[in-house]
Amino acid sequence: MTTPSTEDKTLDTAAQVQQELSERFPDAIMPDTREGYTGFIVKPEKLLEVARAVKEMGFDYLSNAAAVDYVDDGKLEMVYHVYSVRHEAGPVVFKAQVPRDGEPTLPSLVSVWPGADFQEREAWDLMGIRFEGHPNLKRILLWEGFHGHPLRKDWHEPYYEADTKPFKSRHPNGKRYRAEEGNPFGRNVQYPPGFSPDDWTPEADAALYAGIGISHLPADGDEDIRTERIVVNMGPQHPSTHGVFRMIVTLNGETVEDLEPVMGYLHRNHEKIGERNTYLQNMPYTDRLDYITSMSNNLAYAITVEKLIGAEVPERAEWLRVLMVELTRIVNHIWAIGFLLNDLGAFYTPALYAMNERELVLDVFEATAGSRMMCNYMRFGGVVRDLPARLRTVKTVANEVSEKIRDYDMMEFLEKLIRERLPRAVDELDRYLTGSEIVIERLQGVGILPPDMAIAYSASGPVLRASGVPYDVRRADGYSIYDELDWDVAVRYNGDAYDRYLLRLDECRQSLRILDQVLDGLRETEGQPIFQGKPSEKIKPPPGEVYGRAENPKGELGFYIVSNGTPNPWRYHIRAPSFINLTALSEMCKGHKVADIVAILGSIDIVLGEVDR
């Protein structure tokens, strides 16, 4: 692993960092003394200088950057969480505040941590904070020309009813109706003042192409081969983009000179919905982020809120949680491998092999949580229900054509699945694919992401560890019971698409090691409580802030929550790994051919529900 020499200076604790910074910048920073808050507040004009100092101390990994609207105080706040990868230390939490009126502006930190790129664009798009010095500041989830910044507290949509749920028009009296029933046709669209659709010229594409430098002049290169620089679009309706995702690609002949991801086609302002919901109402919404990994999404959100309210989790609930999320990790990785091969041209067959074992895991989810994909299983302080004694299929009209009705002992089913079926499936994928001449030719040496660049661009999960950086939130934070289990952080060192494929196989095997121990833990805790205290539909966390994170299959899934002491979160922000891992896509693709873009994107493994939110 390549690391900068400044990492040797890493301080052990965030408190030490704050102390040293206070001595270096006595007039620029102050402790955040608000009840329940952490870190320190930096004067905007000194933000860039302080950020450089934090990085010099070895805190090289910008995990999260989130904006908060304190409308009653008349200010916007930008919050940063920074870690040291080498020392698994942090976070250092620092903030900068600006008046929300006029044109709030902060210095961009992209020059310090390139991983701030998309996160600052998101803060500009949804909160309206400009970042001076940002290399490409424009909207990222909404279209250019969108009026306003919808995460601000005073921004209301056409069907706006109230700031928080449950809406009094429907609860507790049980009246149900669609909000748009009270809006006559023609009044269900909200136009900005002075706007008329009759003379409107869309500006979205013009803004997207601005700065790309479209040119039809001969490109540099071999004088005997005349080529032109052209700009082409891949997506948003393209089978290789895994959903409605678009890439604007600048080509010199067929060589990629530049690439800009364009996203937001699936954006539904998940965070605004989350700030209107109660804390518990948000749990099923997390299912719909990365909809392949709903169990893992549930866990990341649950441990965040549990930190905020100080909830304890019973031992058996911890074993159940780890069971579900490690089964999810295996499902995600074999699914990702299947679709990577689909991207390479091996249509359907590898994906069908992956689906076969995935169905067995989903059988466990359905029997336990009641749903195969949108599981809504975790609760603050435990899980919603224990494993059933038997995994049973009831004969219904839907399946009456088959006389084979299943009825298995659940623990025996899990033992066979974890100790026989899944290991055999992983070995099978390994045997068929790893030595394939086509797989090697298409993936080796393609999309290389060096370790220092992976850290700088805030990559996480398999993308980070395949670049030789053995950083895993399960190990770094030791949440749940991971620090009690025997397992290794999988790591590969070449940083190419082939190593990202191999690392997912490695992680499947490590998950099987964990699950083997989980089986024993489940047997030892059979009959014990799965929830701490009395279940409640409504919680009121104390005022304050919290950042919680978990090692999801695609990387670090983080939640930044601000509580104002009510049943609804004041701020609900998601650090989505699929979104942030795309920050380095352009650098990974430069110098490769058009066909390689598909392989590189597939090796990152994204889900657009999580990218766009």
Side-chain angles (χ1 to χ4, degrees), residues 292-293 295-296 322-365 391 408 410-444 461-463 465-466 470 472 474 482 485-494 496-522 551-554 599 602-605:
I292 307 298
T293 66
M295 287 287 194
S296 302
V322 174
L323 169 72
M324 298 305 179
V325 299
E326 293 306 321
L327 285 173
T328 297
R329 196 176 313 277
I330 294 172
V331 163
N332 179 89
H333 287 347
I334 61 176
W335 189 259
I337 290 169
F339 276 98
L340 173 61
L341 269 293
N342 201 62
D343 293 338
L344 298 183
F347 294 121
Y348 307 121
T349 303
L352 288 173
Y353 269 75
M355 287 181 193
N356 195 35
E357 306 308 321
R358 175 176 179 261
E359 289 301 304
L360 298 176
V361 174
L362 298 192
D363 287 343
V364 176
F365 292 172
L391 194 155
Y408 303 122
M410 175 59 88
M411 288 304 298
E412 290 178 3
F413 182 86
L414 282 172
E415 187 165 337
K416 185 174 182 180
L417 177 66
I418 291 167
R419 291 175 176 163
E420 296 180 28
R421 288 292 300 259
L422 289 176
R424 185 164 65 241
V426 173
D427 291 343
E428 195 173 56
L429 284 173
D430 193 358
R431 184 168 65 252
Y432 290 160
L433 302 178
T434 302
S436 165
E437 182 179 340
I438 296 174
V439 171
I440 293 172
E441 184 67 25
R442 290 296 308 278
L443 298 181
Q444 271 193 356
V463 177
R465 291 187 289 278
D472 189 306
R474 292 172 293 174
Y482 281 107
L485 300 172
D486 180 26
W487 61 284
D488 297 318
V489 175
V491 61
R492 294 274 173 168
Y493 295 92
N494 295 311
D496 57 7
Y498 189 64
D499 267 16
R500 289 190 278 277
Y501 150 73
L502 289 175
L503 187 119
R504 291 187 173 93
L505 286 178
D506 296 340
E507 290 202 346
C508 286
R509 294 187 169 110
Q510 291 302 320
S511 290
L512 288 168
R513 280 181 64 187
I514 292 172
L515 288 168
D516 188 66
Q517 299 164 70
V518 168
L519 289 175
D520 297 333
L522 288 172
E551 186 64 45
N552 264 33
K554 292 177 175 64
S603 75
I604 295 175
D605 182 23

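If you're wondering where the values come from, they're calculated on a predicted model, not measured in any experiment. Numbers here are sequence positions counted from 1.
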Worksheet entry | Residues forming a ring-ring contact (aromatic ring centres under 6.0 Å, His included) with W487, sequence neighbours excluded |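 With sequence neighbours excluded, W487 shows a ring-ring contact (aromatic ring centres under 6.0 Å, His included) to no residue whatsoever.
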Discussion item. So, using ring-ring contact (aromatic ring centres under 6.0 Å, His included) as the criterion, who are the partners of F365 when residues are at least two apart?
Written reply: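 Testing F365 for ring-ring contact (aromatic ring centres under 6.0 Å, His included), a comparison that skips the adjacent residues, returns none.
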Nearest non-hydrogen partners of [X] and [Y], listed with the distance:
| X | Y | answer |
| --- | --- | --- |
| L515 | L323 | CD2-O, 3.7 Å |
| L503 | A490 | CD1-O, 3.5 Å |
| P553 | T293 | CG-CG2, 3.7 Å |

Applying side chain to side chain donor-acceptor pair (under 3.5 Å), name anything that partners [X], two or more places apart in sequence or on another chain.
| X | result |
| --- | --- |
| N332 | K554, D605 |
| E359 | R372 |
| Y498 | none |

Do [X] and [Y] come close enough that some side-chain heavy atom pair is under 4.5 Å?
| X | Y | result |
| --- | --- | --- |
| Y482 | D472 | no |
| M410 | L414 | yes |
| M295 | V331 | no |
| I438 | L344 | no |

side-chain contact (heavy atoms from CB on, under 4.5 Å) against [X], all qualifying residues, sequence neighbours excluded:
| X | answer |
| --- | --- |
| E415 | R419, L519, R523 |
| S511 | E326, R329, I330 |
| L360 | E357, D363, F413, L417, R421 |
| V491 | P470, Y493 |

From [X] atom [atom1] to [Y] atom [atom2], the distance as rounded to the nearest 0.5 Å:
| X | Y | atom1 | atom2 | result |
| --- | --- | --- | --- | --- |
| N342 | I337 | CG | CD1 | 13.5 Å |
| I604 | L340 | CD1 | CG | 11.0 Å |
| I292 | W335 | CD1 | CH2 | 6.0 Å |
| K416 | I418 | NZ | CD1 | 13.5 Å |

Worksheet item: Quick one: salt bridge (Lys or Arg N to Asp or Glu O under 4.0 Å) partners of E437, sequence neighbours excluded?
Response: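 None.
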Worksheet entry | Single hit among L505, L429, V439, I440 for side chain to side chain contact (heavy atoms under 4.5 Å, CB included) with T434 |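 Of the listed options, the one satisfying the test is L505.
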Item to complete: Flag yes if more than 12 heavy atoms outside L352 fall under 6.0 Å of its CG atom; otherwise flag no.
Response: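 Yes.
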Worksheet entry | Heavy atoms of other groups near Q444 CD, more than 12 under 6.0 Å |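 Enclosed: over 12 neighbouring heavy atoms sit under 6.0 Å from CD of Q444.
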Worksheet entry | Any pair counted as salt bridge (Lys or Arg N to Asp or Glu O under 4.0 Å), so long as it reaches residues 496-514, sequence neighbours left out |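 Sorted pair list: D427-R509, D430-R509, R465-E507, D486-R513, D488-R513, R492-D506.
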Worksheet item: Between Y353 and I334, is there a donor-acceptor pair closer than 3.5 Å when you use the side chain of the first and the backbone of the second?
Response: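 Checking the backbone N and O of I334 against the side chain of Y353, no donor-acceptor pair under 3.5 Å is found.
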Discussion item. Evaluate L341 against T349 for side chain to side chain contact (heavy atoms under 4.5 Å, CB included), listing each step before the verdict.
Written reply: CA-CA 9 Å; L341 269 293; T349 303; over 6 Å; no
